K.L.:
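A single structure is presented below for examination.
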Amino acid sequence: MIHIENVSKYFGEEEVLKKINLSISSNELVVLLGPSGAGKSTLLRCINGLEQVSDGQIRINGRQITFNKRELRLIRKKVGMIFQQFNLVKRMSVLENVLCGRLAYRPTFPSLLKKFERRDYELALHYLEKVGLVDKRNARADELSGGQQQRVAIARSLVQEPDVLLADEPVASLDPRASNSILQLLNRIREEEKLTMIITLHQIDYAKQYGKRVVGLKNGEVVADMPTDVVSVDDLYQLYEDTALSSKPQEHFREAADKVVHVHA
Ligand SMILES: Nc1ncnc2c1ncn2[C@@H]1O[C@H](COP(=O)(O)OP(=O)(O)OP(=O)(O)O)[C@@H](O)[C@H]1O
Ligand SMILES: [Mg+2]
(Lines give C-alpha, C1' and ligand atoms only; values in the text may rest on other atoms or scores of the structure.)
(Ligands and ions follow the chains in the order given, each with its own letter.)
Protein backbone atom coordinates (compact mmCIF):
# COMPACT_ATOMS: atom_id res chain seq x y z
CA MET A 1 0.00 0.00 0.00
CA ILE A 2 1.36 3.40 -1.00
CA HIS A 3 -0.08 6.59 0.50
CA ILE A 4 1.03 9.89 -0.95
CA GLU A 5 -0.28 12.87 0.96
CA ASN A 6 0.07 16.48 -0.16
CA VAL A 7 3.49 15.82 -1.60
CA SER A 8 5.32 18.77 -3.08
CA LYS A 9 8.82 18.78 -4.44
CA TYR A 10 10.92 21.79 -5.33
CA PHE A 11 14.15 21.87 -7.26
CA GLY A 12 15.36 25.34 -6.37
CA GLU A 13 12.50 27.68 -7.18
CA GLU A 14 10.77 25.21 -9.48
CA GLU A 15 7.83 23.31 -8.00
CA VAL A 16 8.07 20.01 -9.82
CA LEU A 17 5.40 18.14 -7.82
CA LYS A 18 2.42 20.11 -6.58
CA LYS A 19 0.46 18.72 -3.65
CA ILE A 20 0.15 15.20 -4.99
CA ASN A 21 -2.41 12.94 -3.31
CA LEU A 22 -2.60 9.32 -4.34
CA SER A 23 -3.37 6.01 -2.68
CA ILE A 24 -2.36 2.79 -4.34
CA SER A 25 -3.58 -0.49 -2.91
CA SER A 26 -1.56 -3.62 -2.41
CA ASN A 27 -1.23 -5.65 -5.57
CA GLU A 28 -2.55 -2.80 -7.72
CA LEU A 29 -0.98 -1.76 -11.02
CA VAL A 30 -0.98 1.94 -11.83
CA VAL A 31 0.26 3.34 -15.10
CA LEU A 32 1.64 6.84 -14.74
CA LEU A 33 1.37 8.88 -17.92
CA GLY A 34 2.28 12.43 -18.77
CA PRO A 35 4.46 14.55 -20.99
CA SER A 36 8.17 14.92 -20.59
CA GLY A 37 8.96 17.04 -17.55
CA ALA A 38 5.60 16.31 -15.88
CA GLY A 39 7.39 14.94 -12.81
CA LYS A 40 6.86 11.19 -13.27
CA SER A 41 10.43 10.13 -12.53
CA THR A 42 10.66 12.60 -9.66
CA LEU A 43 7.54 11.09 -8.10
CA LEU A 44 8.97 7.57 -8.40
CA ARG A 45 12.27 8.74 -6.94
CA CYS A 46 10.41 10.23 -3.98
CA ILE A 47 8.59 6.92 -3.44
CA ASN A 48 11.81 4.96 -3.15
CA GLY A 49 13.54 7.62 -1.12
CA LEU A 50 16.06 8.67 -3.76
CA GLU A 51 14.65 12.18 -3.53
CA GLN A 52 13.44 13.89 -0.41
CA VAL A 53 9.99 15.46 -0.62
CA SER A 54 9.82 19.20 0.15
CA ASP A 55 6.41 18.92 1.80
CA GLY A 56 3.80 16.27 2.62
CA GLN A 57 4.50 12.63 3.28
CA ILE A 58 4.73 9.23 1.66
CA ARG A 59 3.96 6.02 3.52
CA ILE A 60 4.57 2.51 2.28
CA ASN A 61 2.68 -0.16 4.17
CA GLY A 62 2.25 2.33 6.98
CA ARG A 63 5.94 3.17 7.20
CA GLN A 64 6.70 6.80 6.49
CA ILE A 65 9.67 7.61 4.32
CA THR A 66 12.07 9.57 6.46
CA PHE A 67 15.66 10.46 5.98
CA ASN A 68 16.90 8.48 8.87
CA LYS A 69 19.56 6.27 7.24
CA ARG A 70 18.41 3.07 8.84
CA GLU A 71 14.77 3.66 7.92
CA LEU A 72 15.77 4.55 4.41
CA ARG A 73 17.62 1.26 4.01
CA LEU A 74 14.50 -0.61 5.07
CA ILE A 75 12.37 1.33 2.59
CA ARG A 76 14.80 0.86 -0.30
CA LYS A 77 14.86 -2.86 0.37
CA LYS A 78 11.11 -3.04 0.06
CA VAL A 79 10.88 -0.84 -3.04
CA GLY A 80 12.45 -2.30 -6.18
CA MET A 81 13.08 -0.10 -9.18
CA ILE A 82 13.75 -0.77 -12.83
CA PHE A 83 14.78 1.74 -15.46
CA GLN A 84 14.71 2.38 -19.18
CA GLN A 85 18.43 1.72 -19.49
CA PHE A 86 18.41 -1.49 -17.37
CA ASN A 87 21.44 -0.23 -15.37
CA LEU A 88 23.24 -3.58 -15.38
CA VAL A 89 26.96 -3.92 -14.79
CA LYS A 90 27.91 -4.81 -18.35
CA ARG A 91 31.06 -6.79 -17.62
CA MET A 92 29.49 -8.93 -14.94
CA SER A 93 27.57 -12.12 -15.54
CA VAL A 94 23.80 -12.30 -15.50
CA LEU A 95 23.86 -14.17 -12.18
CA GLU A 96 26.25 -11.67 -10.58
CA ASN A 97 24.02 -8.81 -11.68
CA VAL A 98 21.00 -10.45 -10.10
CA LEU A 99 22.93 -11.15 -6.90
CA CYS A 100 23.60 -7.41 -6.65
CA GLY A 101 19.93 -7.07 -5.72
CA ARG A 102 20.81 -8.88 -2.47
CA LEU A 103 23.26 -6.17 -1.45
CA ALA A 104 20.40 -4.38 0.27
CA TYR A 105 20.55 -7.25 2.77
CA ARG A 106 24.25 -6.84 3.52
CA PRO A 107 25.52 -4.63 6.31
CA THR A 108 28.40 -3.47 4.12
CA PHE A 109 29.08 -3.74 0.42
CA PRO A 110 30.86 -7.04 -0.12
CA SER A 111 33.67 -6.39 -2.55
CA LEU A 112 33.91 -10.13 -3.07
CA LEU A 113 30.95 -11.79 -4.69
CA LYS A 114 32.04 -14.90 -2.78
CA LYS A 115 30.41 -13.39 0.27
CA PHE A 116 26.94 -14.14 -0.99
CA GLU A 117 25.21 -16.90 0.86
CA ARG A 118 23.47 -19.98 -0.33
CA ARG A 119 20.06 -18.38 0.05
CA ASP A 120 21.16 -15.46 -2.12
CA TYR A 121 22.11 -17.87 -4.91
CA GLU A 122 18.89 -19.80 -4.52
CA LEU A 123 16.82 -16.66 -4.79
CA ALA A 124 18.81 -15.37 -7.76
CA LEU A 125 18.34 -18.63 -9.65
CA HIS A 126 14.68 -18.81 -8.69
CA TYR A 127 14.00 -15.38 -10.15
CA LEU A 128 16.16 -15.96 -13.20
CA GLU A 129 13.99 -18.99 -13.84
CA LYS A 130 10.91 -16.82 -13.42
CA VAL A 131 12.07 -14.31 -16.03
CA GLY A 132 13.10 -17.15 -18.35
CA LEU A 133 16.86 -16.60 -18.28
CA VAL A 134 18.30 -19.26 -16.02
CA ASP A 135 20.13 -20.75 -19.02
CA LYS A 136 21.91 -17.44 -19.55
CA ARG A 137 23.14 -17.13 -15.98
CA ASN A 138 26.80 -17.26 -16.93
CA ALA A 139 26.57 -14.99 -19.96
CA ARG A 140 27.99 -11.50 -19.70
CA ALA A 141 25.22 -8.95 -19.27
CA ASP A 142 26.24 -7.04 -22.40
CA GLU A 143 25.89 -10.15 -24.54
CA LEU A 144 22.13 -10.09 -24.06
CA SER A 145 19.45 -8.33 -26.09
CA GLY A 146 17.72 -5.31 -24.60
CA GLY A 147 14.63 -7.32 -23.69
CA GLN A 148 16.78 -9.94 -21.98
CA GLN A 149 18.73 -7.27 -20.10
CA GLN A 150 15.48 -5.81 -18.82
CA ARG A 151 14.51 -9.31 -17.61
CA VAL A 152 17.78 -9.50 -15.70
CA ALA A 153 17.02 -6.10 -14.16
CA ILE A 154 13.59 -7.38 -13.15
CA ALA A 155 15.14 -10.48 -11.53
CA ARG A 156 17.66 -8.23 -9.75
CA SER A 157 14.84 -6.17 -8.27
CA LEU A 158 12.88 -9.28 -7.26
CA VAL A 159 15.70 -10.82 -5.20
CA GLN A 160 15.29 -7.79 -2.96
CA GLU A 161 11.93 -9.38 -2.08
CA PRO A 162 10.20 -6.02 -2.47
CA ASP A 163 6.58 -5.12 -1.69
CA VAL A 164 6.56 -2.39 -4.30
CA LEU A 165 8.07 -2.34 -7.78
CA LEU A 166 8.52 0.95 -9.61
CA ALA A 167 9.29 0.82 -13.31
CA ASP A 168 10.40 4.06 -14.97
CA GLU A 169 9.78 3.70 -18.71
CA PRO A 170 10.79 0.04 -18.67
CA VAL A 171 10.09 -0.47 -22.37
CA ALA A 172 11.24 2.84 -23.83
CA SER A 173 14.37 1.25 -25.33
CA LEU A 174 12.69 -1.89 -26.63
CA ASP A 175 10.96 -2.89 -29.86
CA PRO A 176 7.20 -3.62 -29.76
CA ARG A 177 7.61 -7.36 -29.40
CA ALA A 178 10.06 -7.13 -26.50
CA SER A 179 7.96 -4.33 -24.96
CA ASN A 180 4.84 -6.47 -24.93
CA SER A 181 6.68 -9.38 -23.48
CA ILE A 182 8.22 -7.26 -20.67
CA LEU A 183 4.86 -5.69 -19.79
CA GLN A 184 3.22 -9.10 -19.71
CA LEU A 185 6.00 -10.40 -17.51
CA LEU A 186 5.66 -7.46 -15.11
CA ASN A 187 1.94 -8.02 -14.85
CA ARG A 188 2.35 -11.73 -14.21
CA ILE A 189 4.99 -11.08 -11.57
CA ARG A 190 2.79 -8.50 -9.88
CA GLU A 191 0.08 -11.11 -9.51
CA GLU A 192 2.36 -13.96 -8.44
CA GLU A 193 4.46 -11.95 -6.01
CA LYS A 194 1.57 -9.75 -4.80
CA LEU A 195 3.49 -6.61 -5.66
CA THR A 196 2.18 -3.08 -5.81
CA MET A 197 3.41 -1.63 -9.07
CA ILE A 198 3.73 1.77 -10.71
CA ILE A 199 4.88 1.88 -14.30
CA THR A 200 5.58 5.07 -16.21
CA LEU A 201 5.02 4.83 -19.93
CA HIS A 202 4.85 7.11 -22.90
CA GLN A 203 2.86 4.71 -25.05
CA ILE A 204 -0.85 5.24 -24.54
CA ASP A 205 -1.82 1.99 -26.22
CA TYR A 206 0.30 0.00 -23.77
CA ALA A 207 -1.23 1.95 -20.91
CA LYS A 208 -4.69 0.94 -22.12
CA GLN A 209 -3.67 -2.63 -22.70
CA TYR A 210 -1.79 -3.42 -19.50
CA GLY A 211 -2.92 -0.91 -16.90
CA LYS A 212 -6.07 -1.19 -14.83
CA ARG A 213 -5.79 2.33 -13.53
CA VAL A 214 -4.17 5.28 -15.17
CA VAL A 215 -2.88 8.35 -13.40
CA GLY A 216 -2.08 11.37 -15.56
CA LEU A 217 0.51 13.82 -14.38
CA LYS A 218 0.92 17.22 -15.96
CA ASN A 219 3.09 20.10 -14.75
CA GLY A 220 3.51 18.29 -11.44
CA GLU A 221 -0.22 17.86 -10.84
CA VAL A 222 -2.46 14.82 -10.96
CA VAL A 223 -4.92 15.67 -13.73
CA ALA A 224 -6.44 12.22 -14.27
CA ASP A 225 -7.00 9.16 -12.12
CA MET A 226 -9.36 6.54 -13.46
CA PRO A 227 -9.81 2.96 -14.57
CA THR A 228 -8.12 2.36 -17.90
CA ASP A 229 -11.03 0.60 -19.51
CA VAL A 230 -13.29 3.65 -19.34
CA VAL A 231 -10.86 6.32 -20.45
CA SER A 232 -10.58 6.83 -24.19
CA VAL A 233 -7.32 6.95 -26.07
CA ASP A 234 -8.29 10.47 -27.17
CA ASP A 235 -8.65 11.58 -23.57
CA LEU A 236 -5.25 10.17 -22.77
CA TYR A 237 -3.72 11.95 -25.75
CA GLN A 238 -5.05 15.20 -24.32
CA LEU A 239 -2.53 14.80 -21.55
CA TYR A 240 0.18 15.41 -24.09
CA GLU A 241 -1.42 18.42 -25.75
CA ASP A 242 -0.21 21.84 -24.77
CA THR A 243 -3.37 23.68 -25.59
CA ALA A 244 -6.47 21.63 -24.89
CA LEU A 245 -5.65 20.97 -21.29
CA SER A 246 -3.37 23.76 -20.35
CA SER A 247 -6.11 26.02 -18.99
CA LYS A 248 -8.18 23.69 -16.85
CA PRO A 249 -6.82 20.17 -16.92
CA GLN A 250 -8.52 19.00 -13.74
CA GLU A 251 -11.94 20.11 -14.92
CA HIS A 252 -11.56 18.32 -18.21
CA PHE A 253 -10.67 15.05 -16.59
CA ARG A 254 -13.07 15.48 -13.75
CA GLU A 255 -15.86 15.58 -16.29
CA ALA A 256 -14.60 12.37 -17.82
CA ALA A 257 -14.02 10.82 -14.42
CA ASP A 258 -17.49 11.76 -13.19
CA LYS A 259 -18.90 9.47 -15.81
CA VAL A 260 -17.11 6.50 -14.33
CA VAL A 261 -16.78 4.80 -11.00
CA HIS A 262 -13.92 6.33 -9.05
CA VAL A 263 -11.10 4.04 -8.18
CA HIS A 264 -10.80 5.58 -4.76
CA ALA A 265 -12.79 8.27 -3.02
N1 LIG B 1 17.86 16.61 -9.95
C2 LIG B 1 17.16 17.62 -10.50
N3 LIG B 1 17.54 18.89 -10.33
C4 LIG B 1 16.84 19.92 -10.86
N5 LIG B 1 15.71 19.75 -11.60
C6 LIG B 1 15.29 18.50 -11.80
C7 LIG B 1 15.99 17.37 -11.28
N8 LIG B 1 15.33 16.24 -11.65
C9 LIG B 1 14.27 16.65 -12.37
N10 LIG B 1 14.25 18.01 -12.47
C11 LIG B 1 13.21 18.79 -13.16
O12 LIG B 1 11.96 18.37 -12.69
C13 LIG B 1 11.00 18.35 -13.73
C14 LIG B 1 10.35 16.98 -13.82
O15 LIG B 1 11.32 16.05 -14.26
P16 LIG B 1 11.04 14.48 -14.34
O17 LIG B 1 12.32 13.85 -14.77
O18 LIG B 1 10.44 14.03 -13.08
O19 LIG B 1 9.96 14.43 -15.51
P20 LIG B 1 9.38 13.17 -16.26
O21 LIG B 1 7.89 13.30 -16.21
O22 LIG B 1 9.97 11.93 -15.72
O23 LIG B 1 9.85 13.42 -17.77
P24 LIG B 1 10.29 12.35 -18.89
O25 LIG B 1 9.01 11.83 -19.48
O26 LIG B 1 11.06 13.16 -19.88
O27 LIG B 1 11.10 11.28 -18.25
C28 LIG B 1 11.74 18.78 -14.98
O29 LIG B 1 11.49 20.15 -15.17
C30 LIG B 1 13.17 18.54 -14.64
O31 LIG B 1 14.00 19.41 -15.34
MG1 LIG C 1 11.15 10.44 -16.49
Side-chain angles (χ1 to χ4, degrees), residues 26-32 44 48 76-106 113-114 116-203 205-213 228:
S26 296
N27 206 208
E28 194 176 5
L29 167 64
V30 166
V31 174
L32 192 57
L44 295 191
N48 82 347
R76 293 233 177 101
K77 205 151 69 171
K78 287 295 162 194
V79 182
M81 188 135 173
I82 61 171
F83 306 89
Q84 174 181 351
Q85 294 302 341
F86 327 126
N87 295 3
L88 301 182
V89 183
K90 291 187 171 61
R91 301 171 71 87
M92 281 186 356
S93 75
V94 164
L95 180 61
E96 286 164 346
N97 268 283
V98 175
L99 282 167
C100 285
R102 294 298 293 168
L103 294 177
Y105 286 83
R106 292 281 164 280
L113 287 164
K114 268 185 237 148
F116 286 105
E117 289 163 11
R118 188 193 179 117
R119 174 165 163 73
D120 300 324
Y121 282 94
E122 282 169 2
L123 274 173
L125 290 170
H126 170 74
Y127 285 113
L128 273 174
E129 180 90 56
K130 217 166 231 243
V131 301
L133 282 179
V134 79
D135 294 346
K136 294 274 186 197
R137 60 187 175 277
N138 295 319
R140 253 176 65 146
D142 59 3
E143 288 168 8
L144 303 186
S145 71
Q148 289 172 330
Q149 290 191 42
Q150 193 58 295
R151 283 168 187 268
V152 175
I154 292 169
R156 181 183 56 189
S157 72
L158 292 175
V159 298
Q160 272 178 249
E161 303 184 291
D163 296 327
V164 172
L165 186 62
L166 308 175
D168 197 359
E169 295 188 36
V171 299
S173 304
L174 303 178
D175 69 23
R177 191 153 166 261
S179 297
N180 274 301
S181 121
I182 289 294
L183 291 170
Q184 273 165 22
L185 175 68
L186 285 172
N187 219 357
R188 178 162 63 78
I189 281 169
R190 178 187 58 82
E191 278 169 20
E192 290 173 2
E193 308 287 320
K194 303 278 172 269
L195 292 174
T196 305
M197 213 177 257
I198 308 179
I199 302 183
T200 74
L201 290 175
H202 274 301
Q203 303 90 332
D205 45 342
Y206 289 147
K208 283 278 288 175
Q209 198 176 341
Y210 293 101
K212 293 237 171 1
R213 172 181 172 195
T228 330

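Keep in mind that what you see is a predicted model, and the values were worked out from it rather than measured.
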K.L.:
Ala178 and Gly147: which non-hydrogen atoms are nearest, and at how many Å?
P.N.:
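Looking at all heavy atoms of both residues, the closest pair is CB-CA, 4.3 Å.
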K.L.:
Do the side chain of Lys208 and the main chain of Thr228 share a donor and acceptor less than 3.5 angstrom apart?
P.N.:
yes
K.L.:
Report yes or no: does Thr196 contribute a side-chain atom to a donor-acceptor pair with the main-chain N or O of Asn27 at less than 3.5 Å?
P.N.:
yes
K.L.:
From Tyr210 OH over to Leu201 CG, what is the distance, rounded to the nearest 0.5 angstrom?
P.N.:
10.5 Å
K.L.:
Does any non-hydrogen side-chain atom of Val171 lie less than 4.5 Å from one of Gln203?
P.N.:
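In contact.
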K.L.:
Please find the pair of heavy atoms, one from Pro170 and one from Ile82, that lie closest to each other, and give the distance.
P.N.:
CB-CD1, 4.0 Å
K.L.:
Let me confirm one number: the CG-CD distance from Leu174 to Glu169, rounded to the nearest 0.5 Å.
P.N.:
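CD of Glu169 is found 11.5 Å from CG of Leu174.
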K.L.:
Between Val159 and Asp120, does a side-chain contact (heavy atoms from CB on, under 4.5 Å) hold up when you go through it step by step?
P.N.:
CA-CA 8 Å; Val159 298; Asp120 300 324; over 6 Å; no
K.L.:
Calculate, to the nearest 0.5 Å, the distance between atoms CZ and CG belonging to Arg190 and Leu165 respectively.
P.N.:
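Between atom CZ of Arg190 and atom CG of Leu165 there are 11.0 Å.
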K.L.:
Supply the atom-to-atom distance Phe83 CZ to Ser173 OG, rounded to the nearest 0.5 angstrom.
P.N.:
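With rounding to 0.5 Å, CZ (Phe83) is 13.0 Å from OG (Ser173).
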K.L.:
I'd like to know if Asp175 and Arg177 make a salt bridge, using a cut-off of under 4.0 Å between side-chain N and carboxylate O.
P.N.:
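No, this pair does not count.
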K.L.:
Any side-chain heavy atom of Ile154 within less than 4.5 Å of one from Ile182?
P.N.:
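Ile154 vs Ile182: side chains touch.
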K.L.:
With rounding to the nearest 0.5 angstrom, report the CZ to CG distance, Arg137 to Asp135.
P.N.:
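It comes to 7.0 Å.
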K.L.:
Compare all side-chain heavy atoms of Val131 with those of Val152 and state whether any distance is below 4.5 angstrom.
P.N.:
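In short, these two side chains do not touch, never coming nearer than 4.5 Å.
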K.L.:
To the nearest 0.5 angstrom, please state how far the CD atom of Glu117 sits from the CZ atom of Arg102.
P.N.:
8.5 Å
K.L.:
Do the non-hydrogen side-chain atoms of Tyr127 and Leu123 ever get within less than 4.5 Å of each other?
P.N.:
yes
K.L.:
Do any N or O atoms from the side chain of Gln149 and from the backbone of Leu144 form a donor-acceptor pair under 3.5 angstrom?
P.N.:
yes
K.L.:
Check whether any side-chain heavy atom of Leu158 sits under 4.5 Å from a side-chain heavy atom of Val98, and report yes or no.
P.N.:
no
K.L.:
Which pair of heavy atoms, one from Leu183 and one from Ile199, lies closest together, and at what distance?
P.N.:
CD2-CD1, 4.3 Å
K.L.:
Return the minimal non-hydrogen interatomic distance between Ser157 and Pro162, and the atom names on each side.
P.N.:
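Between these two residues, the closest heavy atoms are O-CD, 3.4 Å.
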K.L.:
Considering all heavy atoms of both residues, which atom of Leu44 and which atom of Leu32 are nearest to each other, and what is their separation?
P.N.:
CD2-CD2, 4.4 Å
K.L.:
Taking all heavy atoms of Ala141 and all of Leu88, pick out the closest pair and write down the distance.
P.N.:
CB-CD1, 4.0 Å
K.L.:
When you measure from the side chain of Lys78 to the backbone of Asn48, do you find a donor-acceptor pair of N or O atoms at a distance under 3.5 Å?
P.N.:
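Not at all, since once roles are kept as given, no pair shorter than 3.5 Å links the two residues.
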K.L.:
Strictly distance-based, threshold 3.5 Å: is any side-chain N or O of Gln150 a donor or acceptor partner for the main-chain N or O of Phe86?
P.N.:
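Side chain of Gln150 to backbone of Phe86, a donor-acceptor pair under 3.5 Å: no, none is there.
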K.L.:
Would you say Glu122 has more than 12 foreign heavy atoms packed within less than 6.0 Å of its CD?
P.N.:
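Count over threshold, so yes.
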K.L.:
Does Asn180 use its side chain to pair, donor to acceptor, with the backbone of Pro176 at less than 3.5 Å?
P.N.:
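Indeed, once roles are kept as given, a pair shorter than 3.5 Å links the two residues.
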K.L.:
Considering only NZ, NE, NH1 and NH2 on the basic side and carboxylate oxygens on the acidic side, decide whether Arg156 and Glu96 come within less than 4.0 Å.
P.N.:
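Salt bridge flag = no for Glu96 with Arg156.
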